[in-house]
**Student:** 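First, the structure itself, so that you have it in front of you.
Note that this is a predicted model, so its numbers are computed, not measured. Naming convention: chains lettered A, B, ... in sequence-line order (proteins, then strands); numbering from 1 in each chain.
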Amino acid sequence: MLLKHRIAQLVAQGVEEAQRSGVLPQFSVPEIEIERPQLLEHGDFATSLPLRLARAARMSPMAIAEGLAPRIAIEEPIERVEVASPGFINFAISQDWLRQQVESVLEQGEAYGSVDLGEGQRIQIEFVSVNPTGPLHVGHARGAVLGSGLASILAVAGYDVSREYYINDTGTQMDAFARTIYAHYLQAHGRDAEVPPDGYMGSYMVDLAGEVVEREKDRFLTMPVDEAVSALREIGLKKMLGSIREDLERIRVEFDVWFSEQSLYDSGDYEAAMDILRGSGYLAEREGATWFTSTALGEDKDNVVVRSTGAPTYFASDIAYHYNKLLKRGYDRVVNIWGADHQGHVSRMNAVVGALGADADRLTIIISQMVALKRGEETVRISKRTGDLITLRELVDEVGSDACRFFFLSRTAGSQMDFDLELAKKESDDNPVYYIQYAYARIAGIMRLAQERGLDYAQGDVSLLTHEAEVALIRNMLLLPEIIEGIALSLEPHHLPRYTVELATAFHWFYQQCRVVSNEPGDEAITQARLKLTEACRTVLARCLSLMGMSAPERM
RNA sequence: GCGCUUGUAGCUCAGUGGAUAGAGCGCAGGGUUGCGGACCCUGAGGUCGCGGGUUCGAGUCCCGCCAAGCGUACCA
């Protein structure tokens, strides 16, 4: 159990005791929150409970704090419980205990930082899921990094995580895609053909069609049009998916499941989902189409699920898909990461979950806001249809995978980003990515030196680590489990990059203040202790970098 | 028009209803006869978009206004 939770328990017991003995009156106790104070002089942990209780208890916050603090049981590693104006209770942790935790970090090794919040719950995280009709661009990169980072962190927070990509391999846009390839194909064979008005204009389509022409020769010329388009759809889909997968690998994003939209219709999931909605009265026939009556669930308007042509809409597929996720495959929780252009879709999707009879809080939809690309002052438009775009591939080639991941992971999903390509390149020599990685490389350098000199620090005595900078570094290292738990609860991975910068800062300061491998005679003991601390710090930094999908360079 | 999101230092962004609002970059200065100077320290820089409200306490919650992005399809 995390220390902050243990302290919350002790405070709760203290309140109970105070009420029993009449020091505090009877009232219902709210959830006890334990915070990390900003200033060191306020201790390692703090609670503002007395301030919150003042009204219910009809006492001054200070009087509550004074009455409560002595009734909070002190146990290892809590050293002091102090009351501070205007009504805080601060907790100080024993420094001896902090120092001993260096051993604990080393023992846990690569597992350090893991917590058991999820208790093995099955959680699915679906992200990217870009239509396989064109290459990934910068906005997709943000969602990809966000999803993969979140998935990694949930996995070490005790969840059974499955990463999924939903392939829109059917529907009108896929048709337009196939007919576009067909048009290029005909043109390449000297036939009179034009790209349909709803077709895809990017130059990548020309390249793709060119590959098809080369590989397939003229065998589609004699085929009936429908048959040829259908075959080209399959070929084009496979090629696009392959290219998308390659792009994702460049920023270290991988999936456990690639899920086909078409399979929802082949497996009967679509019918099953519609039967449930029909059975509970959420489907209505009107104007020749079938509607999901979302107004009955508080939505602004109803939505078409089956067009008057008989073809199901994208929304219908999504209903079936969520039936499959929640009811058929039965994930305990489902997280969708969608781009801001799908934001109008969120509330009706939530309504669907209720209409299917599932608990509403099993589905969480995270909207990742737009990335506005700029080159200096000029805004670069992102449009798949005109072919004028900055692809993920170009971005990674220009800025690098590590910087790309760190940059996207550092910002909250909800904030719109300005991504200035010139600035990103200009700052690449002096940015947090290098700051963190340099800390790691420094550590690696120290450990190399230690090894060259044959220094064995296994017997190092961590109780010698009394320097201010040493204790500060240890305090920072010990925050990781709380950070991971916090991210798993809030689903906001941006706290990890921020934390990692703080950890690197603490290390750089320690390095500045404390010579690790000393040449002075008589310093053997402190050298061994500091090597131990350095190695423990390497463990924590490596864990952070690995969770963020970034490399940990031994040299730079 | 309506809906969702956003507005914090010159720039890019953090900030659980709590203690003196933070970081990086940029700017101005300073530092280590030694483990890698891609580092460290100090400083300047803020009406937290504007106006009300709730609260012991608001950058954070509520209402109104202003500005920006996105959505508002029998597209996805």
**Student:** Between B:G15, B:C74, B:G31, which one does the side chain of A:Trp291 approach most closely?
**Tutor:**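 Closest of the options to the side chain of A:Trp291: B:C74.
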
**Student:** Of all the choices, B:G36, B:G34, B:U20, which nucleotide is nearest to the side chain of A:Glu41 once you look at every atom?
**Tutor:**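 Of B:G36, B:G34, B:U20, B:U20 is nearest to the side chain of A:Glu41.
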
**Student:** How about A:Met477 and A:Leu533: do any of their side-chain heavy atoms sit closer than 4.5 Å?
**Tutor:**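 SC-SC contact between A:Met477 and A:Leu533 confirmed.
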
**Student:** Under 4.0 Å from OP1 or OP2 of B:A76: is there any side-chain N or O of A:Arg307 that close?
**Tutor:**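 The answer is yes; a side-chain N or O of A:Arg307 sits under 4.0 Å from OP1 or OP2.
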
**Student:** Report the distance from atom CD of A:Gln513 to atom P of B:G34, rounded to the nearest whole Å.
**Tutor:**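 Computing the A:Gln513:CD to B:G34:P distance gives 17 Å.
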
**Student:** Kindly say if A:Arg55 contacts the phosphate of B:C56, meaning a side-chain N or O under 4.0 Å from OP1 or OP2.
**Tutor:**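 Result: yes.
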
**Student:** Does OP1 or OP2 of B:C39 have a side-chain N or O of A:Tyr440 closer than 4.0 Å?
**Tutor:** no

**Student:** Between B:G57 and B:G10, how far apart are the P atoms? Round to whole Å, please.
**Tutor:**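 The answer is 30 Å between these two P atoms.
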
**Student:** Between B:U16, B:A38, B:C41, which nucleotide has the shortest distance from any of its atoms to the side chain of A:Trp509?
**Tutor:**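 The answer is B:C41.
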
**Student:** Can you see whether A:Tyr511 has A:Arg442 sitting over its ring - NZ or CZ less than 6.0 Å from the centre and within 45° of the normal?
**Tutor:** yes

**Student:** Quick one: sort the A:Tyr270 and A:Tyr265 rings into parallel, tilted or perpendicular, breaks at 30° and 60°.
**Tutor:** tilted

**Student:** Pick the C1' atom in B:G59 and in B:G51, then give their distance to the nearest Å.
**Tutor:**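 B:G59 and B:G51 have their C1' atoms separated by 16 Å.
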
**Student:** Under a 3.5 Å cutoff on both atom distances, Watson-Crick or G-U, what's the dot-bracket for RNA chain B ([ ] crossing, | other strand)?
**Tutor:** (((((((..((((....[...)))).(((((.......))))).....(((((..]....))))))))))))....

**Student:** For residues A:Gln173 and A:Tyr200, determine if any side-chain heavy atom of one lies less than 4.5 Å from a side-chain heavy atom of the other.
**Tutor:** yes

**Student:** Mind checking A:Gly414 for me? I need base, sugar-phosphate or nothing, with any heavy atom below 4.0 Å counting as a touch.
**Tutor:** sugar-phosphate

**Student:** Side chain of A:Arg442 only, please: which of B:G17, B:C39, B:U6 is the nearest?
**Tutor:** B:C39

**Student:** Consider the side chain of A:Arg498, meaning its heavy atoms from C-beta on, and name the nucleotide among B:A14, B:G18, B:C70 that approaches it most closely.
**Tutor:**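 Within the option list, the nearest is B:A14.
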
**Student:** Does the A:Asp44 side chain pair with the main chain of A:Ile93, one donor and one acceptor, at a distance under 3.5 Å?
**Tutor:**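 Yes, A:Asp44 side chain to A:Ile93 backbone: donor-acceptor pair under 3.5 Å.
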
**Student:** Do A:Arg348 and A:Phe292 form a cation-pi contact, if we require the NZ or CZ to be under 6.0 Å from the six-membered ring centre and within 45 degrees of the ring's axis?
**Tutor:**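 Not flagged: A:Arg348 not positioned over aromatic ring of A:Phe292.
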
**Student:** Can you tell me which residue among A:His322, A:His342, A:His345 is in a side chain to side chain donor-acceptor pair (under 3.5 Å) with A:Asn336?
**Tutor:** A:His322

**Student:** Which nucleotide wins on minimum distance to the side chain of A:Ser415, given the candidates B:A76, B:U20, B:A14?
**Tutor:** B:A14

**Student:** Expressed in whole Å, how much space separates the C1' atoms belonging to B:U6 and B:G43?
**Tutor:** 33 Å

**Student:** Between B:A58 and B:G18, how many Å separate the two P atoms, rounded to a whole number?
**Tutor:** 11 Å

**Student:** Here's one to test your reading of the geometry: is the NZ or CZ of A:Arg80 within 45 degrees of the ring axis of A:Phe91 and under 6.0 Å from its centre?
**Tutor:** no

**Student:** By nearest atom, which of the nucleotides B:G69, B:C74, B:G36 is closest to the A:Gln416 side chain?
**Tutor:** B:G69

**Student:** Which value, in whole Å, describes the distance between the P atoms of nucleotides B:A9 and B:G3?
**Tutor:**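 It works out to 28 Å between them.
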
**Student:** Answer with base, sugar-phosphate or nothing: what part of the nucleic acid does A:Ser48 contact at a heavy-atom distance below 4.0 Å?
**Tutor:** base

**Student:** With rounding to whole Å, what would you report as the distance between B:G71 and B:C75 at their C1' atoms?
**Tutor:**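 Each nucleotide's C1' atom is 13 Å from the other's.
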
**Student:** What does A:Phe315 touch in the nucleic acid at a heavy-atom separation under 4.0 angstrom: a base, only the sugar-phosphate, or nothing?
**Tutor:** nothing

**Student:** Is there a stack between A:Phe88 and B:A19, judged by ring centres under 5.5 Å and planes under 30°?
**Tutor:**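 Check passed, A:Phe88 stacks on base of B:A19.
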
**Student:** Report the nucleotide, chosen from B:A14, B:U72, B:G31, that has the shortest atom-to-atom distance to any side-chain atom of A:Thr412.
**Tutor:**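 Of the candidates, B:A14 comes closest.
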
**Student:** What is the separation between atom CG on A:Asp341 and atom C1' on B:U72, rounded to the nearest whole Å?
**Tutor:**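 A:Asp341 atom CG is separated from B:U72 atom C1' by 13 Å.
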
**Student:** Report which part of the nucleic acid A:Leu51 touches: base, sugar-phosphate, or nothing (heavy-atom distance under 4.0 Å, all strands).
**Tutor:**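 It contacts base atoms.
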
**Student:** Please determine, for the side chain of A:Tyr438, which listed nucleotide (B:C13, B:A76, B:C39) has the closest atom?
**Tutor:**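 Taking heavy atoms from C-beta onward, the closest nucleotide is B:C39.
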
**Student:** Taking CG from A:Asp300 and C1' from B:A73, how many angstroms apart are they, rounded to a whole number?
**Tutor:**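 So the two atoms are 15 Å apart, to the nearest Å.
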
**Student:** To the nearest angstrom, how far is A:Ile367 atom CD1 from B:U5 atom C1'?
**Tutor:**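 Going from A:Ile367 (CD1) to B:U5 (C1'), I get 9 Å.
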
**Student:** Taking atom CD as the centre, does A:Glu468 end up with more than 12 heavy-atom neighbours from other residues, nucleotides or ligands that are less than 6.0 angstrom away?
**Tutor:**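 No, not enclosed.
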
**Student:** Using a heavy-atom cut-off of under 4.0 Å over every strand shown, decide if A:Ser60 touches base, sugar-phosphate, or nothing.
**Tutor:**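 A:Ser60: no heavy atom of the nucleic acid under 4.0 Å.
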
**Student:** What distance, rounded to whole Å, do you find between the two P atoms, one in B:C63 and one in B:C4?
**Tutor:** 10 Å

**Student:** Could you check A:Asn90 against A:Ser410 and say which one's nearest nucleotide on RNA chain B is further toward the 5' end?
**Tutor:** A:Ser410

**Student:** Which part of the nucleic acid, if any, lies within reach of A:Arg530 when heavy atoms closer than 4.0 Å are counted: base, sugar-phosphate only, or nothing?
**Tutor:**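 Nothing, no heavy atom under 4.0 Å.
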
**Student:** Pick base, sugar-phosphate or nothing for A:Glu287, based on heavy-atom distances below 4.0 Å to the nucleic acid.
**Tutor:**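 A:Glu287: base contact, heavy atoms under 4.0 Å.
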
**Student:** Under 4.0 Å: is that the gap between some side-chain N or O of A:His345 and OP1 or OP2 of B:U72?
**Tutor:**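 No, outside the criterion.
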
**Student:** Between B:A38, B:C74, B:G24, spot the one nearest the side chain of A:Pro432, thanks.
**Tutor:**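 Among B:A38, B:C74, B:G24, the one nearest the side chain of A:Pro432 is B:G24.
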
**Student:** Regarding A:His508, tell me which of base, sugar-phosphate or nothing describes its non-hydrogen contacts under 4.0 Å with the strands shown.
**Tutor:** sugar-phosphate

**Student:** Tell me whether the ring of A:His342 lies stacked over the B:G71 base, given a 5.5 Å limit on centroids and a 30° limit on the plane angle.
**Tutor:**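 Stacking is absent between B:G71 and A:His342, given that the ring centres and planes do not meet under 5.5 Å and under 30°.
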
**Student:** Give A:Ala340 one of three labels, base, sugar-phosphate or nothing, depending on what nucleic acid heavy atoms sit under 4.0 Å from its own.
**Tutor:** sugar-phosphate

**Student:** How about A:Arg52 and A:Ser48: does a side-chain donor come under 3.5 Å of a side-chain acceptor?
**Tutor:** yes

**Student:** Report yes or no: is there a donor-acceptor pair, N or O only, under 3.5 Å between the side chain of A:Gln343 and the base of B:G3?
**Tutor:** yes

**Student:** What is the distance, to the nearest angstrom, from the CG atom on A:Leu39 to the P atom on B:U20?
**Tutor:**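 It works out to 9 Å between those atoms.
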
**Student:** Rounded to whole angstrom units, what separation is found between the CE atom of A:Met417 and the P atom of B:G24?
**Tutor:** 19 Å

**Student:** With the threshold set at 4.0 Å, does a side-chain nitrogen-carboxylate oxygen contact exist between A:Lys532 and A:Glu535?
**Tutor:** no

**Student:** Rounded to whole angstrom, note down the C1' distance from B:A23 over to B:U8.
**Tutor:**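 That atom pair is separated by 13 Å.
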
**Student:** Pick one: which of A:Leu297, A:Val352, A:Ile319 meets side chain to side chain contact (heavy atoms under 4.5 Å, CB included) with A:Tyr282?
**Tutor:**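 The single option meeting the side chain to side chain contact (heavy atoms under 4.5 Å, CB included) with A:Tyr282 is A:Leu297.
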
**Student:** I need the NE2-P distance between A:His495 and B:G22, as an integer number of Å.
**Tutor:**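 In whole Å, B:G22 P and A:His495 NE2 are 17 Å from each other.
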
**Student:** Counting any heavy atom closer than 4.0 Å, what does A:Ala46 reach on the DNA or RNA strands: base, sugar-phosphate only, or nothing?
**Tutor:**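 Base, at least one base heavy atom under 4.0 Å.
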
**Student:** Go nucleotide by nucleotide along RNA chain B from the 5' end; which of A:Arg448 and A:Gly171 gets its closest nucleotide reached first?
**Tutor:** A:Arg448

**Student:** Atom CZ of A:Arg52 and atom P of B:G17: how far apart are they, to the nearest Å?
**Tutor:**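 The answer, rounded to whole Å, is 8 Å.
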
